Protein chains: 2
Amino acid sequence: MSQDEAGVDLETSLGYLLKEASSALRAAMEAVLRPLGMTVTHYSCLELLAQRPGLSNSELARGAFVTRQSMNVLLQALERDGYVTRPAEAPVGKVLPARLTPRGRRSLAKASAAVRSVEVRMLSGMTDAEQSAAYAALQSMIRSLQTPSS
Amino acid sequence: MSQDEAGVDLETSLGYLLKEASSALRAAMEAVLRPLGMTVTHYSCLELLAQRPGLSNSELARGAFVTRQSMNVLLQALERDGYVTRPAEAPVGKVLPARLTPRGRRSLAKASAAVRSVEVRMLSGMTDAEQSAAYAALQSMIRSLQTPSS
DNA sequence: CAAGGTATGTCAGACTGCTGACATGAGTCA
DNA sequence: TGACTCATGTCAGCAGTCTGACATACCTTG
């Protein structure tokens with residue numbers, strides 16, 4: 001087995017490195033969330049609702065980077081299991097504002113601590129200046145990519 | 001619709017920003033690869049083979065951040081359609097080294113140009129120094145995350 | 001040399017998330 | 001007011017990926 005050959009172009013690509021970092025972060029989050037019976041999207045949904053109560057299904061989907069269809073499936077399960085509540089009828093339009101139940105809040109507390117430990121570990125080798133630089137760089141990439149190419 | 005409310009904790013999290021950037025990159029890549037009938041993993045496989053001919057199924061899987069089972073499904077399809085060749089029997093052990101066919105190389109050429117344009121766009125707003133800083137930061141994150149927490 | 005551990009390729013089943021599609025409600029403009 | 005556009009919630013079908021499992025080949029270690 002050739003464990004690690006000399007790096008080529010892919011190794012110098014920021015895009016590839018971004019994917020690698022994101023993949024590592026996701027794997028680390030899955031590892032700590034699995035014992036709690038949670039997926040990353042599941043956790044993201046709860047965390048979003050804790051920080052911004054009343055978000056709609058579509059808003060949650062955007063915040064968790066999935067489609068609103070996928071988020072809808074998740075929300076229905078969370079509602080069925082009593083982690084989240086949504087009014088039976090929309091107070092205005094079709095938008096159904098979702099909120100955490102006490103049970104949802106308890107469930108999130110554990111997950112939140114686990115995820116925070118992952119983030120702390122991820123940042124452990126970086127100075128504050130490096131973190132700021134990374135923050136600015138990532139925001140710049142996002143801004144450039146959001147502009148449609150065509 | 002509350003388009004963009006005041007940012008909260010999530011907005012200041014490097015982990016969240018990393019996920020956002022990765023998601024934006026993936027979406028941009030999918031957008032340019034779709035007209036070519038290619039998925040991101042599909043492209044990644046071809047690109048890896050172009051830069052390191054003879055990679056095995058498992059090595060390709062690691063390089064594309066999927067399981068070896070998933071990569072195997074893809075490789076079989078690519079082999080069936082004549083983009084890739086693998087020897088019928090392993091020259092040594094069970095490892096089957098894969099190689100691009102001329103057809104695979106032609107297919108990759110178009111995709112590669114499309115993906116490169118995305119990366120150029122992503123980096124358009126950053127100076128060389130910022131790119132270097134981002135590079136170092138991402139590598140640091142990867143290194144810290146690869147160390148198991150337990 | 002035998003035994004355990006590790007890595008590989010592959011098959012099968014299950015699942016998650018996505019695309020496509022529809023009806024409905026809200027804002028916009030002539 | 002009526003037509004148009006856009007966003008939302010939801011249903012159905014599909015593609016890609018994952019987990020689980022098995023047989024096999026290499027590499028250590030006693």
Side-chain angles (χ1 to χ4, degrees), chain A residues 1-5 19 22-23 26-27 29-31 33-35 37-45 54-80 84-98, chain B residues 1-4 19 22-24 26-31 33-46 49 54-81 84-99:
Chain A
M1 266 281 299
S2 46
Q3 281 285 21
D4 45 357
E5 298 170 354
K19 189 171 177 180
S22 175
S23 172
R26 183 175 195 87
M29 288 180 66
E30 281 172 351
L33 288 176
R34 180 179 305 274
M38 260 193 219
T39 71
V40 174
T41 307
H42 186 136
Y43 157 75
S44 301
C45 176
L55 281 189
S56 71
N57 175 39
S58 290
E59 291 169 321
L60 286 169
R62 280 191 290 271
F65 310 107
V66 296
T67 62
R68 62 187 200 273
Q69 292 91 331
S70 298
M71 183 54 74
N72 193 33
V73 174
L74 174 60
L75 261 186
Q76 285 174 352
L78 290 177
E79 206 172 357
R80 168 174 50 77
V84 163
T85 47
R86 281 193 292 181
E89 294 204 352
V92 53
K94 298 186 67 179
V95 179
L96 294 173
Chain B
M1 267 278 297
S2 46
Q3 281 284 22
D4 44 358
K19 189 171 177 181
S22 175
S23 172
R26 183 174 193 88
M29 286 180 66
E30 280 172 352
L33 288 176
R34 180 179 304 274
L36 303 173
M38 261 192 219
T39 72
V40 174
T41 307
H42 186 139
Y43 157 75
S44 301
C45 176
L46 264 45
L49 279 178
L55 280 189
S56 72
N57 175 38
S58 288
E59 291 170 322
L60 287 168
R62 280 191 290 270
F65 309 107
V66 295
T67 63
R68 62 186 200 276
Q69 292 92 329
S70 297
M71 182 54 74
N72 194 35
V73 174
L74 175 59
L75 263 185
Q76 286 176 350
L78 290 177
E79 206 173 356
R80 167 174 51 77
D81 298 343
V84 163
T85 47
R86 279 193 293 180
E89 296 202 351
V92 53
K94 298 187 68 179
V95 179
L96 293 173
R99 292 183 179 280

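Numbered from 1 within each chain, the chains take letters A, B, ... in sequence-line order. Treat the numbers as computed from the prediction; the structure is a model and nothing was measured. These numbers come from the heavy atoms of this one structure, side chains and all, not from hydrogens, waters or symmetry mates.
- For the pair A/Val84 and A/Ala98, the tightest heavy-atom approach, listed with the atom from each and the gap, is CG1-CB, 4.0 Å.
- Distances shorter than 4.0 Å separate none of the side-chain N or O atoms of B/Arg26 from OP1 or OP2 on D/dG16.
- For the pair B/Glu30 CD and D/dA15 P, the computed distance is 16 Å after rounding to whole Å.
- Between B/Thr67 and D/dT17 there is no side-chain N or O to OP1 or OP2 distance below 4.0 Å.
- What you find for A/Ser44 and A/Ala64 is that their closest heavy atoms are CB-CB, 4.0 Å.
- Considering all non-hydrogen atoms of both residues, A/Ser56 and A/Val95 come closest at CB-CG1, 3.3 Å.
- For B/Val66, counting side-chain heavy atoms from C-beta on, the closest listed nucleotide (D/dC11, D/dC18, C/dC11) is D/dC18.
- Put simply, the side chain of A/Gln69 and the base of D/dG9 share no donor and acceptor less than 3.5 Å apart.
- What separates CE of A/Met71 from C1' of C/dC18 is a distance of 14 Å, to the nearest Å.
- Taking 4.0 angstrom as the limit, B/Gln76 places none of its side-chain polar atoms (N or O) nearer than this to OP1 or OP2 of C/dG9.
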Name every donor-acceptor pair, under 3.5 Å, that has one atom in a side chain of residues 65-78 of chain B and the other anywhere in the protein, sequence neighbours excluded.
{"unit_1": "B/Thr67", "atom_1": "OG1", "unit_2": "B/Ser70", "atom_2": "N", "d": "3.2"}
{"unit_1": "B/Thr67", "atom_1": "OG1", "unit_2": "B/Ser70", "atom_2": "OG", "d": "3.1"}

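- As a whole-Å value, the separation of B/Leu60 CG from C/dG9 C1' is 13 Å.
- Neither OP1 nor OP2 of C/dG20 sits under 4.0 Å from any side-chain N or O of A/Arg68.
- Contact annotation: the side chain of A/Arg86 approaches that of A/Asn57 to within less than 4.5 Å [non-hydrogen atoms, C-beta and beyond].
- B/Ser23 contributes no side-chain N or O that, together with a main-chain N or O of B/Lys19, makes up a donor-acceptor pair within less than 3.5 Å.
- Using a 4.0 Å heavy-atom distance criterion, B/Leu96 is classed as a sugar-phosphate-only contact.
- Atom C1' of nucleotide D/dC6 and atom NZ of A/Lys94 are separated by 12 Å, given to the nearest angstrom.
- The side chain of B/Asn72 contributes an N or O atom lying less than 4.0 Å from OP1 or OP2 of C/dT10.
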**Item:** side-chain contact (heavy atoms from CB on, under 4.5 Å) evaluation trace for B/Leu33 with B/His42
**Value:** CA-CA 10 Å; B/Leu33 288 176; B/His42 186 139; over 6 Å; no
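- Rounded to whole Å, atom C1' of D/dG9 lies 13 Å from atom CZ of A/Arg62.
- Look at CG on B/Asn57: it is 19 Å from P on D/dT24, rounded to the nearest Å.
- As judged by a 4.0 angstrom heavy-atom cut-off over every strand, A/Ser58 is placed among residues touching the sugar-phosphate backbone only.
- Inter-axis angle, ends of the helix from C/dC1-D/dG30 to C/dA30-D/dT1, five pairs per end, rounded to 10 degrees: 40°.
- Distances shorter than 4.0 Å separate none of the side-chain N or O atoms of B/Thr41 from OP1 or OP2 on D/dG16.
- At whole-Å resolution of the value, CZ in A/Arg34 and C1' in D/dG20 are 13 Å apart.
- A sub-4.0 Å separation between OP1 or OP2 of D/dG16 and a side-chain N or O of B/Ser70 is absent.
- Of the side-chain N and O atoms in B/Thr39, none sit less than 4.0 angstrom from OP1 or OP2 of D/dG16.
- The CE atom of B/Met38 sits 18 Å away from the P atom of D/dA15 (whole-angstrom rounding).
- Annotation: side chain of B/Ser22 is not in contact with side chain of A/Arg26 (no heavy-atom distance under 4.5 Å).
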